[in-house]
Amino acid sequence: MSASSVVVKSSRASRFARASQFWRLIPEKPARFAGPSLILFAAALAAAPIWFHGPVAGDDFEFHLVSWLNAQQSWLHGIPYPHWASSPNFGAGEPRFIFYPPLTWMLGAALGLVLPWTLVPVAITFLLLAATGLATRALARGALPDVPATLAGCAVLFSGYTLFTAYHRTAFAELAGGFWIPLLLLFALRDRNASAPLWRRSLDGSTLPLALVLAGCWLSDAPVGVMASYLLAAVALAAALLARSWFPVVRASIAFALGVALPAFYLIPAAWEQRWVDILQATGVNGDHGLLIENNWLFPHHSDSALIQRDAELHFVSLLAVSMIAVALLSLFVLWLRERPRARGLAGAVRMQGSGNSKPIGHHRWIPLACIPAAVLFLLLPVSLPVWNLLPKLRFLQFPWRWLLVVEAPTAIFFAAAVWPRKSARRWRRPAVAGLCALFFLGATVFAAKNFFRDDPETDDISAFLSIYRSGAGFIGTDEYAPPGADNYIVATGLPDACLTGKFNTELGIAPSPEDNPAWRPEQGSCMATATAQLRQPEHMRINAVTAQAGFLILRLRTYPAWRVTVNGQLATGLPARLDGLMAVPVPQGPVNLTVDWTTTPDVIAGRFASVLALLALTALGPLERRLSRPKSA
């Protein structure tokens with residue numbers, strides 16, 4: 001053999017070796033992506049009715065759309081983290097972004113930069129549903145093989161409460177909780193090394209992501225944060241009792257401390273500044289009694305005419321709750337019957353079947369999941385009222401049935417485990433089950449699309465809604481963000497930037513009817529003079545005027561302690577309180593240079609400092625967990 005032929009063969013061999021190394025980078029089984037792809041397809045199917053139906057007139061849609069528009073407006077004015085929404089209360093604004101968690105209003109505002117506003121609800125629904133399905137699949141894979149785990153990830157999307165939240169309520173913040181809750185259960189119950197000492201078993205690489213998940217819950221929705229915190233405490237305690245080890249409690253305690261401290265930049269101002277607004281409106285203590293926990297049990301019957309319409313919706317939600325809990329409990333019963341000959345107790349019952357790789361899972365992990373539906377059923381009944389009154393902040397959930405959020409993932413997992421055939425079953429059963437489930441999911445989507453959507457001419461036409469927003473006319477405010485003692489329903493529409501009056505409490509408008517807000521017109525004579533702001537931005541206002549006499553400038557701006565008001569360079573303090581909550585600033589006769597600027601209050605500084613400390617602690621926790629999770633060398 002010649003030297004040249006050896007060289008050629010050697011060159012070919014080296015190219016073949018390099019090609020082999022390249023192909024190793026490509027997954028050997030492309031089917032590994034089939035599961036996530038199927039969940040993405042299911043999420044697109046679940047979001048499709050919003051695409052065809054158009055804008056959703058749900059409970060929270062207008063609130064979210066106004067938040068997206070105002071957040072984007074603040075960004076365009078160079079405010080990366082806004083505090084004040086300027087269009088509520090017909091342009092007088094409200095401190096919405098202090099109290100409402102930032103994740104979904106930032107996501108919606110960001111999507112609005114690249115998509116038409118008509119597509120933003122579809123996009124955000126798809127993204128949150130897809131994330132929910134993938135997170136549920138990740139939790140299910142701890143016990144199920146890939147195919148039934150994927151089935152669980154699809155099933156969670158078509159559970160009654162998920163579609164009800166997406167179609168009827170358009171509660172995007174709560175919809176995000178469907179993603180966080182399965183991950184919280186995954187990391188809280190994970191036990192990577194059962195034989196390790198306490199600290200190594202606790203810090204096995206799960207504490208850091210668990211803290212991030214809990215922070216995500218609080219940054220998505222305050223009720224989700226409350227539910228996640230109590231859920232974490234309950235499952236950690238139950239797992240510790242079953243495992244006869246404190247490692248779940250140690251992990252949960254560390255994760256809770258860091259998971260609450262990380263979003264402190266939002267939580268501390270939201271908690272401290274509640275005294276500056278009428279936050280009890282959110283729980284029904286002040287205002288709408290339909291928000292009281294006592295008026296929202298399963299299948300309520302009220303004689304109060306104000307609650308009768310709400311009762312009709314609650315009966316519908318009650319049917320969803322009973323159906324979901326029944327599916328979960330029936331699935332657990334089927335699993336118990338199936339496994340009873342081979343194992344005793346629930347630990348054997350949750351040895352899920354699949355493609356031949358049964359995974360026996362410790363009872364300290366799955367018994368807490370099995371207890372969730374029963375615990376939620378208890379919280380939906382009047383007998384649980386002492387618990388609602390005893391546990392701090394639990395009443396801020398408003399509706400007991402919000403706990404259905406934590407039932408979604410366990411129900412989907414137990415359902416998938418119960419219906420998926422064993423390895424020994426005949427081959428035709430698996431495609432038959434998959435086909436039947438697909439038909440059921442499609443039917444659930446059609447049913448939800450016909451029964452969950454609501455039509456409202458005021459919010460269905462997004463183009464008209466955007467026209468109102470761009471005109472500066474603004475929208476009604478949120479009750480719980482009003483100044484204490486102020487009434488959103490007497491804020492006049494059509495107000496100028498500033499109105500000069502002789503008295504601070506002058507009524508500025510006339511209501512066309514008892515159901516409408518007052519409307520201001522120049523010919524009414526309520527203003528001796530008006531002024532237009534030379535600068536009006538979300539967190540800044542400048543007015544230069546010459547007043548014919550001393551009096552009060554009533555600004556089209558809601559009063560709030562974070563505003564710094566100066567008149568001719570002098571700080572204005574002790575402003576009188578108006579019933580409509582508008583800012584009344586005393587001014588002298590002659591030239592007036594009035595400035596209003598948003599300031600950084602001490603609670604905001606404290607929140608940011610706590611978040612920085614938590615971030616540093618998380619940065620140190622990561623390497624520590626990696627080191628402790630490594631097996632000890634012999």
Test item: [X] and [Y] side chains (from C-beta on) under 4.5 Å apart, heavy atoms:
X    : Y    : value
E480 : V277 : no
V226 : L391 : no
T132 : T162 : no
L189 : P368 : yes
R169 : Y161 : yes
F415 : C437 : yes
P36  : R137 : yes
F256 : S229 : yes

Where does the angle between the aromatic ring planes of [X] and [Y] fall among parallel (under 30°), tilted (30 to 60°) and perpendicular (over 60°)?
X    : Y    : result
Y81  : H83  : perpendicular
F158 : F441 : parallel
F99  : Y481 : parallel

Hey, do the aromatic rings of Y100 and W105 have their centres closer than 6.0 Å?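 Here the rings of W105 and Y100 have centres that are no less than 6.0 Å from each other.
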Donor-acceptor check, side chain of [X] to backbone of [Y], threshold 3.5 angstrom: yes or no?
X    : Y    : result
N488 : T478 : yes
E625 : L208 : yes
T207 : S202 : yes
S611 : A264 : yes
R200 : L628 : yes
S74  : N70  : yes

What distance do [X] atom [atom1] and [Y] atom [atom2] have between them, rounded to the nearest 0.5 Å?
X    : Y    : atom1 : atom2 : value
L210 : L258 : CG    : CG    : 10.0 Å
F187 : L139 : CZ    : CG    : 10.0 Å
N296 : F399 : CG    : CZ    : 5.5 Å
I50  : Y167 : CD1   : OH    : 6.0 Å
L127 : L40  : CG    : CG    : 10.0 Å
N193 : R201 : CG    : CZ    : 8.0 Å

Given the rule in the side chain to side chain contact (heavy atoms under 4.5 Å, CB included) test, do V327 and L330 qualify, once you have shown the distances and angles that lead to the verdict? CA-CA 5 Å; V327 168; L330 182 60; 5.9 Å; no
Could I get the full list of salt bridge (charged side-chain N to carboxylate O under 4.0 Å, His left out) partners for E408, not counting sequence neighbours? none
Give the intermediate values and the outcome of side chain to side chain contact (heavy atoms under 4.5 Å, CB included) for residues L319 and F299. CA-CA 8 Å; L319 290 174; F299 302 106; 3.9 Å; yes
Quick note, side-chain hydrogen bond (donor to acceptor under 3.5 Å, both in side chains) partners involving residues 262-277, not counting sequence neighbours, are E273-Y560, E273-T601
How would you list all residue pairs meeting side-chain hydrogen bond (donor to acceptor under 3.5 Å, both in side chains) that involve residues 243-264, not counting sequence neighbours? D204-R251
How close do [X] and [Y] get, heavy atom to heavy atom, and via which atoms?
X    : Y    : result
L157 : I39  : CD1-O, 4.0 Å
I124 : G108 : CD1-N, 4.2 Å
A188 : V235 : CB-CG2, 4.2 Å
V156 : G133 : CG1-CA, 4.0 Å
G112 : Q72  : C-NE2, 3.3 Å
A47  : L129 : N-CD1, 4.2 Å

Result block: side-chain N/O donor-acceptor pairs under 3.5 angstrom for residues 371-388, not counting sequence neighbours:
unit_1: S384; atom_1: OG; unit_2: F378; atom_2: O; d: 3.3
unit_1: S384; atom_1: OG; unit_2: L379; atom_2: O; d: 3.2
unit_1: S384; atom_1: OG; unit_2: L381; atom_2: O; d: 2.7
unit_1: S384; atom_1: OG; unit_2: W388; atom_2: NE1; d: 3.1
unit_1: W388; atom_1: NE1; unit_2: L379; atom_2: O; d: 3.2

Output all residues satisfying side chain to side chain donor-acceptor pair (under 3.5 Å) with W68, sequence neighbours left out; order by chain, then residue number.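 W68 satisfies side chain to side chain donor-acceptor pair (under 3.5 Å) with no residue once adjacent residues are dropped.
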For N389, all residues meeting side chain to side chain donor-acceptor pair (under 3.5 Å), sequence neighbours excluded: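 Listed in chain order: R395.
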Check the pair F61 / H64 against side chain to side chain contact (heavy atoms under 4.5 Å, CB included), numbers first and verdict last. CA-CA 5 Å; F61 179 69; H64 285 294; 5.6 Å; no
Would you say CZ of F440 has more than 12 non-hydrogen atoms from neighbouring residues, nucleotides or ligands within 6.0 angstrom?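 12 or below, so no.
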Can you tell me if S67 and R96 form a side-chain donor-acceptor pair at under 3.5 Å?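 There is such a pair between these side chains.
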Working note: L144 + L151, criterion side chain to side chain contact (heavy atoms under 4.5 Å, CB included); need CA distance, chi angles, decisive distance, verdict. CA-CA 10 Å; L144 293 171; L151 177 60; over 6 Å; no
Could you point out which residue of V260, L262, L103 forms a side-chain contact (heavy atoms from CB on, under 4.5 Å) with W218?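 Of V260, L262, L103, side-chain contact (heavy atoms from CB on, under 4.5 Å) with W218 is met by V260 alone.
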